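Below, chains carry the letters A, B, ... as their sequence lines are ordered, and counting in each starts from 1. Just so it is clear, the model here is predicted, and its values are computed rather than measured. For the numbers below, each heavy atom of this structure counts, side chains included, while hydrogens, waters and symmetry mates do not.
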Amino acid sequence: MKKLINHPAAVVEEMLEGFVAAHSRYVRQLPHNKRSIVSTNTVRPGKVGVICGGGSGHEPSFLGLIGKGMVDGVPVGNIFASPPPDPILEVTRAVDAGAGVIYLYGNYAGDCMNFDMAAELAGMEGIRVETVRITDDVASAPKSEEDRRRGIAGDFLVFKVAGAAADQGYSLDEVVRVTSKANQVTRTMGVALSPCFNPQTGRPSFELGPDEMEIGLGIHGEPGVQKGKIKPADEVAGELLDRILADMPLSRGDRAVVLVNGLGSTTYMEFFIMYRRTAQILAEKGVEIHRSYVGEYVTSLEMGGCSITLMKVDDELARLMDHPADCPMFVQM
Amino acid sequence: MKKLINHPAAVVEEMLEGFVAAHSRYVRQLPHNKRSIVSTNTVRPGKVGVICGGGSGHEPSFLGLIGKGMVDGVPVGNIFASPPPDPILEVTRAVDAGAGVIYLYGNYAGDCMNFDMAAELAGMEGIRVETVRITDDVASAPKSEEDRRRGIAGDFLVFKVAGAAADQGYSLDEVVRVTSKANQVTRTMGVALSPCFNPQTGRPSFELGPDEMEIGLGIHGEPGVQKGKIKPADEVAGELLDRILADMPLSRGDRAVVLVNGLGSTTYMEFFIMYRRTAQILAEKGVEIHRSYVGEYVTSLEMGGCSITLMKVDDELARLMDHPADCPMFVQM
Amino acid sequence: MKLTSADFIQALRKIADRIEQEKDYLSELDRAVGDGDHGVTMSIGWQAVKAKLEEFDGNSTCGEICKAVGMTFLNAVGSSVGPLYATAFIRGSAVLQGKTELNEDDIVQFWIAAVNGILERGKAQPGEKTMVDAWHPAMAALKASREAGKDLAASLEDAVKAAEQGMKSTAEMLSQKGRSSRLGERSLGHQDPGATSAYMILDSFTHTIKSLQSLAS
Amino acid sequence: MKLTSADFIQALRKIADRIEQEKDYLSELDRAVGDGDHGVTMSIGWQAVKAKLEEFDGNSTCGEICKAVGMTFLNAVGSSVGPLYATAFIRGSAVLQGKTELNEDDIVQFWIAAVNGILERGKAQPGEKTMVDAWHPAMAALKASREAGKDLAASLEDAVKAAEQGMKSTAEMLSQKGRSSRLGERSLGHQDPGATSAYMILDSFTHTIKSLQSLAS
Ligand SMILES: Nc1ncnc2c1ncn2[C@@H]1O[C@H](COP(=O)(O)OP(=O)(O)O)[C@@H](O)[C@H]1O
Ligand SMILES: Nc1ncnc2c1ncn2[C@@H]1O[C@H](COP(=O)(O)OP(=O)(O)O)[C@@H](O)[C@H]1O
Ligand SMILES: [Mg+2]
Ligand SMILES: [Mg+2]
Ligand SMILES: [Mg+2]
Ligand SMILES: [Mg+2]
């Protein structure tokens, strides 16, 4: 493991210093806790505050998505570890503008417990907090147990919907409604080719043979559902889509937003080759692609591989996906 | 080498199909040559046409930068190989709107010869073509021989200046003037940690020991100027900046645009740690950072490492850097 | 036997040292079923606790020490274990309030309250392959041995044995909670990292009690 | 001896086959001093040429074949070698215009024109560690041997020897042109890939000429 770092124990603090220095027009650290990062310009009276968060190591998520049309603040955790309630609460206070706050995070035990504790404390201070836990990872639990599923790359699309709704003046209840709807129609399947290295252990997150891939691997290196020989990209894309479409059928005339998300070290060339087959398959089924995102949105340090996410959109979701955004690591006109 | 591809020989074609499908609002392939990619909406009467190009494998450069405020067209080459004159000429015809065309590319023998041949052919068709070759790579030739230097990450900043100038209605001569000025004040030094794998040879571009880094390595894996043991990020950033500032001194009150560019497989966390030290060093020198870019702009497939680029800006360059851009893989509001 | 605030601080320091020694092993266990960081997280948390303990001495009450431990652990790590152990220590602190000396029953009540906190916060049932599979049988053994009239050290020894057995049994369980639950069948054969560190914590504490006892006798 | 258009096509096919065999070796040489793709590029180019040659037969003129070869190579590869060899073949085609049969002098003139094209397009001087270090001495030897009255095959053999020597000498040169020029001292000890493929092209062509000659005699 070779990394451009100073001390393994300091990576999160130093990343945040660099991030805030590079993007001081967009974000600032709160005084009490340097892991509380909030927008410099999106909080306004009556707007629902949108908070997303989780562990570090998923950049551009979560902190790169603070900005207009996206999220207002991010409490930052250790690498692949939920932030504690303290920064969550501090960010909550900073982004509440009287209309309440929504917490958005991938459905992991740690995030659930910490954000719930913070929500309870915020409630005691009179701030109304609602939560939507993102559960797009098809591989992480069977069909009948959707609410046990984890959140992975689909996080990004769900944040986008929530951020746009809040920016358009939706009430907290309405933001919760449309964000839950977005989560319910978002499905992701990923494939990993190589592990990431936690700078604090120096160990690979998993082992894969030189010609192996693993389908359904989590974004923290949690083992997946099926290990096998690497196959041509078209076959891999086909398998990922088969699993998504078996879980959430799409038919002729349906519209989808497509996200091909890189996990860290795979090339853009490969993402576009995966996208190509995805678009072909959707075209064969008569599904219209409303909008596409191809790149790195929710990484897993330098893991190799990518995921495909489909969000089945109605007019409302389509409109919210088209809403502009202006953040340090994601801009949409 | 594990990659999500189909046939090694088809990667460029399939990438382009995927890219154009994903970003059909921004780009289209020209009928005669599928490697000629042009903007769907930026060419307008009287605007100077801006073309950049080079080999594939540097995504988001070059094709991800086609759009408003950036470039109008890109002829695409094989992996790490200049495109031939044919697609260059075709793109030239498509983006010329009567005001002439500027060619921008990194100063490599192959690109120089192919673009020059195309420029000659375009001239014979009555299209005025001017060229600015980018030479930001400090490591690639000594100080007195700046015009022999290669173009690496600084390409992106120079494209940005040219694209903004053209969008603001500068004449071809004026675009050439300001772009040459931008090139003259742009310097990059890079560090590589791990090789990339050309999908067509399956071989690593170079060998580095498990605890080695290489300073000054080119974006095609061309060997660098100094191999050594990996050091803490702050020391590496210091060395890169030392070399840049020895070549282009900056003093108190000077303004710079900073780019920390990832080569492919290094994490954003590391880029921000490198940025942090860069900002500290510039602050110590009293240099004001006008604007910063941190992320992947000019990659080298999945090479590990990053580079630091400084562009010393005057009012005109600062204003052009602030001009908005809207491209598939780069948006600035 | 009696446990003073100074002893209590010492017992907590020992736990921190034990976790520090075992951190690579704990991360390796987590690598097989989770995200490979359990040792890092426990180390960060317990080292923060150890540093925080510098602020206390024999005059501090066990209750305030315990509460500070919980909050410090939580804010240092977040993660899954942060809320679980924070809740444990905060619940535990309630039964130690105002005390600078603990008797055997106080200590038993402390552990029972702490583990109840873990159960309530995490809502895991025994058999779901979590730390609960170490803590739950340990507390059952602790209570049973006390009811059978054994002294604290002997009862804790029984609890440690039960924790160890519970920890080992997680290898044969299908994961239901936490990151590893996505694994299904593939979690079989791997011991749960959280159950392992739970055993270590209780084992370290029990060692401290036994050496205090042998010093006293 | 005489070379018909069919022979010329055959000679070009043989070059494509030779490059195909050596492509990994050529890429390995480029890996040491450049971007590791010289074999890939030459292979793509010459395979495109080979496919294009299907459109020609003994009735085609060597000039048109040669021009098509140049354009095909160029459009298939771009890169550094595309313009260099395209210019070579286009210049070479000028001396073969209208001919379906070449005599020994035609062939000599063809090579001289082709290599002049490379020199003009690339502006490299001998000693800068490029293909010119193979082509330039090869042409000097070709001319000298012809002037000394040797036949085509013998003269080409001398040229091949000079090319080989030039190719080997590149290992001792500091790179000045192309990607490898950034290397400075570190380019020492590595043979230039472009000089190597240049030698192979000339060597393959010479083999064809020699076997045609032995067939004829
Ligand atoms: N709901 C829960 N109740 C009890 N223990 C849990 C629960 N969820 C997770 N755990 C424990 O947490 C351990 C993982 O801790 P750790 O790796 O530090 O956190 P993370 O999962 O956030 O990376 C698991 O091995 C398991 O024993
Ligand atoms: N200006 C030049 N004149 C002659 N030969 C050159 C010149 N520049 C580069 N070359 C040759 O091109 C070779 C590299 O070719 P190749 O690897 O196919 O192209 P690229 O450098 O574009 O990757 C070098 O080894 C060198 O012999
Ligand atoms: Mg974790
Ligand atoms: Mg090349
Ligand atoms: Mg873990
Ligand atoms: Mg090359």
Side-chain angles (χ1 to χ4, degrees), chain B residues 8-9 33 35 53-55 57 75-88 108-118 137-142 145 148-150 152 195-207 216-227 300, chain D residues 23-45 47-48 70-87 90 117-118 120-124 128 130-131 175-188 190 194:
Chain B
N33 192 323
R35 299 223 178 165
V76 178
N78 286 329
I79 291 178
F80 296 168
S82 168
D86 196 51
I88 304 174
Y108 295 89
D111 296 287
C112 295
M113 289 187 275
N114 286 285
F115 277 89
D116 279 354
M117 288 173 83
D137 181 9
V138 175
S140 60
E145 301 172 40
R148 281 187 49 221
R149 287 183 177 164
R150 310 298 172 220
I152 53 175
C196 57
F197 291 80
N198 183 321
Q200 290 163 353
T201 63
R203 303 276 291 140
S205 51
F206 53 84
E207 322 272 351
L217 208 120
I219 51 165
H220 312 90
E222 303 96 332
V225 293
Q226 192 196 312
K227 217 182 226 185
S300 186
Chain D
K23 75 175 182 190
D24 289 344
Y25 171 62
L26 293 172
S27 290
E28 279 302 302
L29 290 177
D30 196 28
R31 221 157 67 88
V33 294
D35 59 350
D37 64 359
H38 185 60
V40 174
T41 301
M42 292 297 279
S43 158
I44 293 174
Q47 289 305 306
M71 291 310 293
T72 301
F73 190 87
L74 180 60
N75 281 317
V77 303
S79 138
S80 309
V81 291
L84 293 169
Y85 281 117
T87 309
I90 290 162
I118 290 175
E120 279 175 38
R121 175 64 62 195
K123 298 188 187 68
E128 293 186 338
T130 69
M131 63 172 73
S175 177
Q176 306 285 338
K177 280 273 177 326
R179 295 189 192 281
S180 60
S181 61
R182 57 182 298 131
L183 271 178
E185 303 281 318
R186 285 178 60 184
S187 68
L188 285 176
H190 297 288

Heavy atoms of B/Asn114 and D/Ser79 approach each other most closely as ND2-O, 2.7 Å
Between D/Thr87 and B/Met113, does a side chain to side chain contact (heavy atoms under 4.5 Å, CB included) hold up when you go through it step by step?
CA-CA 11 Å; D/Thr87 309; B/Met113 289 187 275; over 6 Å; no
May I ask you to decide if B/Ser205's main-chain N or O and D/Asp35's side chain share a donor-acceptor pair within less than 3.5 Å?
no
When only pairs under 4.5 Å are counted, which of D/Met71, D/Lys23, D/Glu28 shares the most heavy-atom pairs with chain B?
D/Glu28
B/Ile88, part contacting chain D, at a heavy-atom distance under 4.5 Å
neither
Side-chain contact, heavy-atom cut-off 4.5 Å: B/Gln200 with D/Ile44?
yes
When rounded to the nearest 0.5 Å, the distance separating CG of D/Asp30 from NE2 of B/His220 is 11.0 Å
What part of B/Pro204 is in contact with chain D, defined as an atom under 4.5 angstrom from a non-hydrogen atom: side chain, backbone, both or neither?
both
Output the distance between atom CG (B/Asn198) and atom CG (D/Asp37), rounded to the nearest 0.5 Å.
6.5 Å
Could you tell me which non-hydrogen atom of D/Ala76 sits nearest to which non-hydrogen atom of B/Asn78, and how far apart they are?
O-ND2, 3.2 Å
